[in-house]
Amino acid sequence: MGEVPKISVEVVPEPPASGDLVEFVPEGKRVSSDIPEEEFRGKKLSTLLLREGGRRRLYVGLGPQESIGPAILRKASGAAVRSLVKIGAEQISILAQEWEDHLDAIVEGALLGAYRFERYKPETLRSRTGLRQLWLCIAPRLRREAKEKAKLGQLVAEATNLVRDLGNEPGNVIFPEALAERAHQLAKEYGLSCRVFEPRELEEKGFGGLLAVGSGSVHGPRLILLEYSGKDPGRPPIALVGKAITFDSGGISLKPGERMDEMKFDKMGGCAVLGILCAASRLQLPTRVVGVLAAAENLPGPSAYRPGDIIRTYDGNTIEVLNTDAEGRIVLADAIAYVKKEFRPSLIIDLATLTGACIVALGKEKAGLFTPDRELREAFWSLGEEVNNPVWPLPLGEEFDEQIKSDIALVKNVGGKEGGACTAAAFLQKWVGDTRWVHLDIAGPAWITKEVAYLEKGPTGFGVSLITRFLLGQANQAQRTKPSQKGSGRKR
Ligand code: BES
Ligand code: ZN
Ligand code: ZN
């Protein structure tokens with residue numbers, strides 16, 4: 001998949017003779033009578049490495065039996081693979097027999113754990129080895145189902161790693177035009193259609209928000225459209241909208257210098273949208289999916305937009321700019337207006353590294369989840385836990401609408417100190433209107449600044465697993481509610 005080195009994944013009945021072994025251990029289970037309990041008792045994500053002849057065996061703890069599920073298996077598998085890869089493993093067998101129900105999570109974790117970004121390291125500092133082969137040991141009678149699950153896990157992980165690769169690229173490599181170019185290439189590779197609006201076209205069509213935010217940079221903004229047509233191209237699609245600020249300096253309302261480099265990750269919402277479309281196509285989902293990336297670079301400069309400016313978005317609505325650093329909502333407003341008018345989607349899901357306030361509210365691990373729809377709220381909430389893309393509901397409501405009222409435009413782009421993630425969401429809702437909608441503020445989990453057991457530091461690809469699986473779930477649900485062909489055709 002793109003630049004991500006392909007790792008071969010195979011389901012086998014027994015571990016082959018070469019390579020290292022990974023074995024999962026629920027808390028309290030003794031791995032052998034030779035190993036004292038003090039040394040290893042299966043505590044969550046603890047590990048024990050043994051040497052057996054020419055190979056290594058890594059035990060990894062799953063924690064208490066009652067909480068073992070896909071979330072912990074994904075992490076444990078990732079942590080195990082990551083630590084083996086660090087010590088030179090190239091071939092790994094995972095003993096997965098008891099856990100075949102969650103083989104997708106196991107494979108996904110393993111491939112996320114094996115990921116490294118070393119493109120810009122000098123040859124001498126690059127790892128000399130990397131994972132090439134993953135074997136999943138499963139009883140032969142379960143082979144068929146296991147292969148399908150493994151395939152799903154592999155596909156989701158590859159899409160996630162592709163998004164991490166894009167995210168790791170710096171602002172001088174990935175600027176809006178370059179992102180559009182990558183989107184084009186990927187669309188070709190995955191059989192998606194792709195259309196890009198350049199600044200001239202954005203002007204003709206009235207994308208005042210995207211143009212304003214991008215006006216300070218010599219790298220003009222782009223609206224990138226991707227479409228996976230699904231099995232029924234005539235149906236209203238699900239629309240995915242992503243914030244793709246390739247670098248956010250804050251603009252005239254300049255950010256402080258410390259950690260400003262991290263703002264190359266302000267494109268992660270858009271990158272995730274790209275990855276999800278690739279995954280949807282590989283999965284051959286029946287659902288039609290449209291992706292929109294609002295790409296711009298937010299810089300100060302002689303032609304930059306400024307506090308006080310009034311902007312008109314694609315649908316004619318107006319924004320009073322009070323802070324040029326609250327740019328995400330402005331580009332999203334244009335993208336949402338466009339997708340609503342041109343595609344009449346049955347559902348809009350947007351992903352955006354939108355507010356620092358969301359990190360203050362929820363910390364770094366969970367994304368803010370905003371939706372007026374209770375069913376969607378519950379679906380995302382529980383699915384998020386299951387796939388290690390946790391989300392937590394935050395409110396929309398009149399009190400936030402009140403905070404963003406402007407004296408001279410429809411809204412102003414900041415709503416004061418209180419509830420910053422909520423006022424940003426309330427802002428987006430003005431453009432969404434009555435369309436079914438989920439907004440994910442991924443400012444916290446889009447990247448990590450310290451490595452964890454199963455992920456290296458940098459972009460996480462947050463949202464790819466969650467939304468790909470959400471789309472898959474929608475498709476399966478539609479399948480189940482369809483009257484069965486056999487039954488309806490039979491004469492009584
Ligand atoms: N991209 C930032 C939000 C952000 C900050 C994400 C830190 C992840 C980590 C966004 O464009 C922004 O700057 N938002 C401002 C809004 C404020 C000016 C109302 C913020 O959160 O400070
Ligand atoms: Zn900003
Ligand atoms: Zn931003």
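Counting convention: from 1, in listed order, for ligands and their atoms alike. Since the model is a prediction, treat every value here as computed from it, not as a measurement.
- The cationic atom of Lys205 (NZ for Lys, CZ for Arg) does not lie both less than 6.0 Å from the six-membered ring centre of Tyr314 and within 45° of the ring axis.
- Here the angle centred on the Zn ion (ligand 3), running from OD2 of Asp266 over to NZ of Lys243, is 100°, rounded to 10°.
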Handout entry: Working for side chain to side chain contact (heavy atoms under 4.5 Å, CB included), residues Thr246 and Asp266
Key = CA-CA 6 Å; Thr246 57; Asp266 212 19; over 6 Å; no

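- Side chains of Trp437 and Gln429: no donor on one and acceptor on the other come within 3.5 Å.
- In this structure, OE1 of Glu327 and OD1 of Asp325 enclose an angle of 120° at the Zn ion (ligand 2), rounded to 10°.
- Of all N/O/S atoms in Asp248, OD2 sits nearest the Zn ion (ligand 3).
- Between Phe343 and Tyr338, the ring planes lie perpendicular to each other; the angle is over 60°, past the 30° to 60° tilted range.
- Rounding to the nearest 0.5 angstrom, the gap separating the CZ atom in Phe400 from the CG atom in Leu394 is 8.5 Å.
- The CG atom of Leu73 sits 5.0 Å away from the CD1 atom of Ile106 when rounded to the nearest 0.5 Å.
- By the 4.5 Å heavy-atom criterion applied to side chains, Leu226 and Leu274 are counted as neighbours.
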Anything under 3.5 Å between an N or O on ligand 1 and a protein N or O? List each pair with its distance, or write none.
| residue | atom | partner | partner atom | Å |
| --- | --- | --- | --- | --- |
| ligand 1 | 1 (N) | Lys243 | NZ | 3.3 |
| ligand 1 | 1 (N) | Asp248 | OD2 | 3.2 |
| ligand 1 | 1 (N) | Asp266 | OD1 | 2.9 |
| ligand 1 | 1 (N) | Asp266 | OD2 | 3.0 |
| ligand 1 | 1 (N) | Thr353 | O | 3.3 |
| ligand 1 | 11 (O) | Lys243 | NZ | 3.2 |
| ligand 1 | 11 (O) | Asp248 | OD2 | 2.9 |
| ligand 1 | 11 (O) | Asp325 | O | 3.0 |
| ligand 1 | 11 (O) | Glu327 | OE1 | 2.9 |
| ligand 1 | 11 (O) | Glu327 | OE2 | 2.9 |
| ligand 1 | 13 (O) | Lys255 | NZ | 2.8 |
| ligand 1 | 13 (O) | Asp325 | O | 3.0 |
| ligand 1 | 13 (O) | Asp325 | OD1 | 2.8 |
| ligand 1 | 13 (O) | Asp325 | OD2 | 3.1 |
| ligand 1 | 21 (O) | Gly356 | N | 2.7 |

